[in-house]
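When a ligand or atom number is given, it counts from 1 through the structure's own listing order. Sequence positions, counted from 1, serve as the residue numbers for this chain.
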Amino acid sequence: MRYISTRGNYNPVESTKAIILGMVPKGGLFVPESLPNIDLTDLKGKNYKEVAFEVMKNFLTGSENDFSEDEIKMAIEKAYNTEKFDTSEICPLKKIKERFYILELWHGPTAAFKDIALQIMPHLFVISMEKQNHKKESVILVATSGDTGKAALEGFKNVPKTKIIVFYPSGGVSKVQELQMTTTDGKNTYVIGVEGNFDDCQTMVKKIFADSEFKEEVSRRGFEFSSANSINWGRLLPQIVYYFWAYLKLIEDGALYFGDEVNICVPTGNFGNILAAYYAKRMGLPVKMLICASNSNNVLSDFINTGVYNSDREFFKTFSPSMDILISSNLERFLFEISSRNPQKIIRWYEELLKDKRFKVDESTKTRIKKELYGNYATEAETLSEIKEMFFSYNYLIDPHTAVGVNVYKKYLAETRDETPLILCSTASPYKFNNAVYMALTGKNAYDDEFLTLSELNEITGFKIPANLKNLQELKTIHRTTIKLSEAKNIIRKILRIGGKKLCLKHSRR
Ligand SMILES: *Cc1c(COP(=O)(O)O)cnc(C)c1O
């Protein structure tokens, strides 16, 4: 399959090239030249890995420089097994009540949904490097506010010909998140605390990507910088799979017949997860409405309802931090599709966004968007009260991101009375966000020690703690380096053993 740019500014490339490049060098995102059609009845009775193969092969094969079927199967085998996931179903679908199902996307190594993509993407990446004849070792640089860092570390851990370096704001992530990262083993993993906040880390990494002199320096020593961020097609594609999977489970459960419609509700930040659902629809999955759930950073739900994307607004830190985003990068792909693949429109809107921090789509685009998407948001109080209600009404524990989804679904139901069966994406284990869940259930503030909160939550609810969170306290802390922002390049040199000035590293012991 060949990939084209949403801004019409790049010659079509093969899948392996699109995955290596991540984004279009001159701006824009790669999208498949055409969207394949999947016959649902062909998927009947298949397990998760088989469904993954049937969906993904359409996008990754075709030419000599694409993947072979065996390579795709191998990548799937390495990613979706019971060593990495705590269930062979990979993404179990739980029935809450008639016509209301929750798709649990957090059974991977880090207990949040980014694992589904980041467990397989590194394998696709390494194969792509081989196919494209890249001889250099890839150095993946990641700035994280907590979740993505650990998911990327687990994904790239011990993957040949790669190193991964994660920068996180020291003191700016939760105890669980910090321990998850600093206890990561593996021969090629590096975790560095930075004195600064997440924006500082992010800006620092972006500067390194733009520093051609430094890139040249590491290149002479046989290294090449890369990123693993969510606009890479290799991260989006694995997410299309679980929508087909969930539909098959609904049929097995007797909730639908082949061809019946479903609604899908997704707690949304960067618009990646919900975009995958839209692609599934375009490939033949009978989806009636995509319900886009935002938290108080409701830039997307405002956009859906008004046609104006306005990122010039107050930023809130919420109970659902992985959705605290004002620029939803993957929206560009959706706008490209919804405007019948018109790069001129995309260029205009994104130039406006850069210049004025906002853009407005035309009436006909707005109408089309509203036909596909319902958008609304949940306040902080509503988020907590949904956690409580789901637990006391259905004995089912959800995290704050999932709670945002539940709340917005209720608003959709109240407005439309549309009782089409629902698949709601649950994006994190409740034990990953202990403090908010504890507050929701007890009405009290959580303990300073997050592990105390976690174990008391477990006592109150009896809900199973994912093994990889439970044993976190017993793991040895491996990574103890904290640096100042100005020391970033030197620490990279040191990791790559390419010299550099003597470093005075601060070791923080906890
Ligand atoms: C990343 C993330 C989201 C948002 O997903 P997008 O693909 O960015 O829309 C929601 N919930 C959790 C827990 C996440 O980590």
Side-chain angles (χ1 to χ4, degrees), residues 29 91 102-119 121 142-155 173-174 176-177 180-181 198 228-243 264-280 290-301 303-304 318-334 373 375 377-378 383 386-387 397-408 424-434 436-437 466 469:
L29 302 182
C91 306
I102 289 193
L103 182 61
E104 294 180 348
L105 300 175
W106 42 262
H107 287 268
T110 79
F113 100 99
K114 289 185 178 64
D115 284 334
I116 316 268
L118 275 166
Q119 277 301 309
M121 188 267 187
V142 180
T144 184
S145 58
D147 274 354
T148 307
K150 176 62 173 175
L153 282 164
E154 283 301 318
V173 300
S174 80
V176 163
Q177 286 175 324
Q180 274 195 313
M181 291 191 278
F198 169 62
N229 61 28
S230 73
I231 52 179
N232 193 308
W233 179 255
R235 280 194 55 183
L236 198 64
L237 174 58
Q239 299 185 257
I240 300 175
V241 174
Y242 49 70
Y243 292 108
I264 295 176
C265 176
V266 187
T268 306
N270 233 336
F271 207 80
N273 203 0
I274 194 165
L275 177 71
Y278 172 74
Y279 277 131
L290 293 168
I291 300 164
C292 176
S294 309
N295 63 23
S296 314
N297 295 298
N298 56 355
V299 58
L300 276 171
S301 59
F303 173 62
I304 293 163
T318 71
F319 293 128
S320 43
S322 304
M323 292 155 61
D324 290 344
I325 288 172
L326 293 181
I327 307 272
S328 301
S329 332
N330 265 307
L331 182 68
E332 179 167 341
R333 286 187 167 112
F334 177 73
L373 295 176
Y377 74 102
T383 305
E386 294 304 347
I387 295 174
L397 198 61
I398 54 173
D399 94 294
H401 302 80
T402 310
V404 167
V406 171
N407 180 263
V408 169
L424 184 130
C425 288
S426 174
T427 51
S429 157
Y431 290 110
K432 235 190 149 169
F433 297 92
N434 297 292
V437 177
L469 293 181

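Here the shortest heavy-atom pairing between Pro109 and Asp115 reads N-OD2, 3.2 Å. In plain terms, the two heavy atoms of Ile398 and Ala403 that are nearest each other are CD1-CA, 3.6 Å. When all heavy atoms of Pro466 and Ala111 are compared, the closest pair comes out as CG-CB, 4.4 Å.
Residues of the protein with a heavy atom under 4.0 Å from ligand 1 are Phe113, Lys114, Asp147, Pro267, Thr268, Gly269, Asn270, Phe271, Gly272, Asn273, Ser322, Met323, His401, Thr427, Ala428, listed by chain and number.
With sequence neighbours excluded, the residues that form a side-chain contact (heavy atoms from CB on, under 4.5 Å) with Asn297 are Asn295, Phe315, Phe316, Thr318, Asp324, Leu326.
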* Hey, mind stepping through Asn330 and Arg333 against side-chain hydrogen bond (donor to acceptor under 3.5 Å, both in side chains) and telling me if it holds? -> CA-CA 6 Å; Asn330 265 307; Arg333 286 187 167 112; 2.7 Å; yes

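Counting non-hydrogen atoms of other residues, nucleotides and ligands closer than 6.0 Å to CZ of Phe319 gives a total above 12.
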